[in-house]
Amino acid sequence: MTKVKICGLMEEAHVKAAEQADAIGFVFAPSRRQVSIERASELAKYAPVDIEKIGVFVNASLEEIEKAIELVPLTMVQLHGDEPDSLVEAIQVPVVQAFSIRSKRDVEVLQKSLADYVLVDAPGTDYRGGSGHVFDWALLEESGIDPSRLIVAGGLTAENVQAAIKQIQPFMVDVSSGVETDGKKDSAKIQKFIQQAKGDLMGQTIEKVGFFGKYGGQFVPETLMKAVKELEDGYDEAKQDPEFIKEYHHYLKEYVGREQPLTFAKRLTEAWGGAKIYLKREDLNHTGAHKINNALGQALLAMRMGKRKIVAETGAGQHGVATATVCALFDLECVIFMGEEDIKRQQLNVFRMKLLGARVESVTKGSSTLKDAVNEALRYWVTNVEDTHYLIGSALGPHPFPTMVRDFQSVIGKETKRQILEHEGRLPDVVLACIGGGSNAIGMFHPFLQDEAVKLIGVEAAGQGTDTEKHAATMTKGTEGVLHGAFMKLLQDDAGQVQEAHSISAGLDYPGVGPEHAYLADIERVEYVPVTDDEALNAVVTFSRLEGIIPALESAHAIAEAEKRAKEMKPDELMVICVSGRGDKDMATYAERLEGLT
Amino acid sequence: MKGLAELKEAGRKAFVAYIMAGDGGLDRLSEQVKFLQDAGVTAIEIGIPFSDPVADGAIIEAAGNRALKKGVTLQKVLDELASWTFEVKVPLVVMTYLNPVVKFGIERFAKECKRAGVSGTIIPDLPYEHRQLVQGSTQKEGIALIQLVTLTTTEERMEAILQEAEGFVYAVTVTGITGARDHLAEEVRDFMKRVRSKSPVPVYAGFGISRVQHVDMLREDVDGFIVGSAIVKAFHENKIEELVPLIDAVTAPSSV
């Protein structure tokens, strides 16, 4: 449970307003919030006995600090200066050492701290206490710092504290300017902040059961419930283990080749004559698409849970290849189910999987595409559940899969956010990604969800058109239902029979969309639009010729929509397109459909 | 459903037969039910076809697809059951995946089941955790929501499930999907014993039951058997008479 600290208190009323907090802070260093030891002692009388009273110092002497501990009295000390380790060790109460985080180097310094807790803050400007800007969470997460030592500060408000807690799960969150109005503490804001920060515990409980609004859940046969629950516990535990996160990022860097650039698309920007376009280059990942981010994370988790057999489904074959790849890397047994129709469309990927040592099982049931491959993979899992992990490839399936896949894919959005800030010093105006089940999109969008000024657009496959029967436009045409373990949006008939989806792109050829996307559509945080086969094919040609990047058919859907949007935007506006994969796997389709291209 | 408890008290074993409604045409359903009733089965599960039956093996899936091709829907099946003029003496249980029920409307489903003379329902992809989604409506109409326990169900969970069991408990004999099998694992007997010692309602073994030797192996440790794929296959191949010995082996008083 993340604790809450309200810092820089100077008045009785505000100490009282903070009574539901876990800690309050008095600033003894020069600052507009500075108080004397005597004043702090007065104020402390109004605080509940069990609340932590933390004194904030900058380069103070041990004598001065000990005096404050005794007189206020303080239960913890927070150091914001260049205090030597000898001082940190000499202090008798628990010590918090504060660091400004601006780069990976800063994180390395922080990792060496001897203090009981480390507080991270945005780089200071006016005072050594912090400037009130939100720093880049991703830097911290990748460093493998133990979250149970971590206190997070800098730019927190009632509005963003939930996101901070959810993402980092720190020991404590620390707020000061975020609960002020016109430079003075505001009782209402203090209370609202505490409520929001504590309220998120309820939010976490809800997520544990695995619902996004009304969508999600664990609608699976009883035989799988044990495995699903074990996975839920296993993932909960793993994601809080800094060693696991470190290992995951190690392989992302050394094996997948991350981080991937955010490329400025100069010719595309000129040709479309609107927004400034950046491309998130998931096509550069080892195996050619974003899928490996998730396959890697889940394989590491499976091994951690003692499972060395993997079953997976694949549509376009990218997830199958990614899974076969990590299974080869870690010496895991691998079975991939793939629809017969997709096997025909994606011969090259089928052979890649076989070459990597995977067994590819052809699925001839139903529409012989992704949906049916998921059915067969689920059946295989039901039968082999004791020693097999189902490595699902999209943000679908029973909880915890949608959350877990999102978390493993969020590296896309986290990098993008950091990179666009480096390039442009601000967040983008529009971010686009294609959705089938929705994994690259949720990975790209999730880190931006709290940034309401960033418009998020998910692009689904309209096939031959949403007014025909041959499409995969679940968000546009679908209704609520249960498939593959989750309550989500589906293409189905009036009797609740799931319909076949149609798209030129095997990876988008799925009649459902993951539960979190369904929720984001309902609350109107993300806009979902359809793009047809032909529009996507046109985008393939444009993109290849203007940027020298042959995109995957899936990604081409996002590019096609980007063109429409960019033209309506101003040159000083920023757009990011998630190029989820490269087009090598689609070359046969391109050669056939674009025959006669000159 | 009361009859099931009485049967147990009398020391007799139950035979629950599963039919895929509409396999071979919905107009065949009444004759199939009649045949099974006359053959002495204890209860009949009426399977509703679904496009994505992940808990089912090839036989039931294929039967479902044949029924879907004939345009069979949950509504049509319930209307068909409600239209019968002959007396159905055995309890009817509707077995359906959750999505057709959600689409149909859960409250409406419970009401229509009652109207059609259905006494219970089995929803294999509705786990114990999410039972409230349906249970409120079914309880209101007096429809039993039958729970499944499996070889992978943990002790703690099994106790929770059994405590609230209605009608009978569906004890799954295999870690896998439906479908006929040659052998059942030895551990199944211990599992059945455990379930039966804790269950307030009769415990029926299902999945993979297709032979007299399966019945002989488990009969001391269960209150009955559920046979699905073998019956579906027999009806499809017009060889249902061949299953009468299996029904007799279970239900005949002499074999107690």
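Convention: sequence-line order gives letters A, B, ...; per-chain numbering from 1.
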Show the nearest heavy-atom pair for residues B:P127 and A:Q218, with the distance to one decimal. CG-O, 2.9 Å

Check the angle between the aromatic planes of B:H130 and A:F219 and answer parallel, tilted or perpendicular using the 30° and 60° thresholds. tilted

State whether the number of non-hydrogen atoms from other residues, nucleotides or ligands found under 6.0 Å of B:E237 atom CD is greater than 12. yes

Report yes if the side chains of B:N99 and A:L483 come closer than 4.5 Å at any heavy-atom pair, otherwise no. no

B:T175 and A:E386: CA distance, side-chain angles, deciding distance, side-chain hydrogen bond (donor to acceptor under 3.5 Å, both in side chains) verdict: CA-CA 9 Å; B:T175 301; A:E386 298 287 8; 5.2 Å; no

Rounding to 0.5 Å, atoms CD (B:E61) and CG (A:D372) come to a distance of 8.0 Å

Given heavy-atom pairs under 4.5 angstrom as the criterion, report whether the side chain, backbone, both or neither of A:Q492 touches chain B. side chain

Approximate separation, where rounding is to 0.5 Å, of A:E230 CD and B:T152 OG1: 9.0 Å

Report which part of B:Q147 has an atom under 4.5 Å of a heavy atom belonging to chain A: side chain, backbone, both, or neither. neither

A:R379 side chain to B:G57 backbone, donor-acceptor under 3.5 Å: no

So for B:V101, is it side chain, backbone, both, or neither that comes closer than 4.5 Å to the heavy atoms of chain A? neither

Write out, in numerical order, the residues from residues 43-53 of chain B with a heavy atom short of 4.5 Å from a heavy atom in chain A. B:P49, B:F50, B:S51, B:D52, B:P53

Among A:E376, A:Q499, A:K229, A:K371, the residue with the most heavy-atom pairs under 4.5 Å to chain B is A:K371

Heavy-atom neighbours of A:D494 CG exceed 12 at 6.0 Å: no

Compare all side-chain heavy atoms of A:T479 with those of B:K103 and state whether any distance is below 4.5 angstrom. yes

With a 4.5 Å heavy-atom cut-off, do B:R157 and A:K226 have their side chains touching? no

Quick one: what part of B:E129 sits under 4.5 Å from any heavy atom of chain A, side chain, backbone, both or neither? side chain

Most chain B-contacting option - heavy-atom pairs closer than 4.5 Å, from A:N375, A:V374, A:N384, A:L224: A:N375

Please check if atom CD in B:E107 has more than 12 non-hydrogen atoms from other residues, nucleotides or ligands closer than 6.0 Å. no

Looking at A:Y380, I'd like to know if its OH atom is crowded, meaning that more than 12 non-hydrogen atoms belonging to other residues, nucleotides or ligands lie closer than 6.0 Å. yes

Below 4.5 Å from any heavy atom of chain B, which atoms of A:V220 appear? Answer side chain, backbone, both or neither. backbone

Are there over 12 heavy-atom neighbours, none belonging to B:E156, within less than 6.0 Å of that residue's CD? no

Listed by number, the residues in residues 305-317 of chain A that come under 4.5 Å of chain B (heavy atom to heavy atom) are none

If one checks every heavy atom of B:I177 against chain A at 4.5 Å, the contacting part turns out to be both

B:Q139, CD atom: more than 12 neighbouring heavy atoms under 6.0 Å: yes

Is there a side-chain contact between A:E222 and B:T153 (heavy atoms, below 4.5 Å)? yes

Are more than 12 heavy atoms from other residues, nucleotides or ligands located less than 6.0 Å from atom NZ of A:K470? no

Point-to-point distance, once rounded to the nearest 0.5 Å, from CZ of B:F207 to OG1 of A:T223: 6.5 Å

The interface call for B:L68 against chain A, heavy-atom contacts under 4.5 Å, is side chain

Do B:V102 and A:F487 come close enough that some side-chain heavy atom pair is under 4.5 Å? yes

Could you check which of B:T73, B:L133, B:L98 has the highest count of heavy-atom pairs closer than 4.5 Å to chain A? B:L98

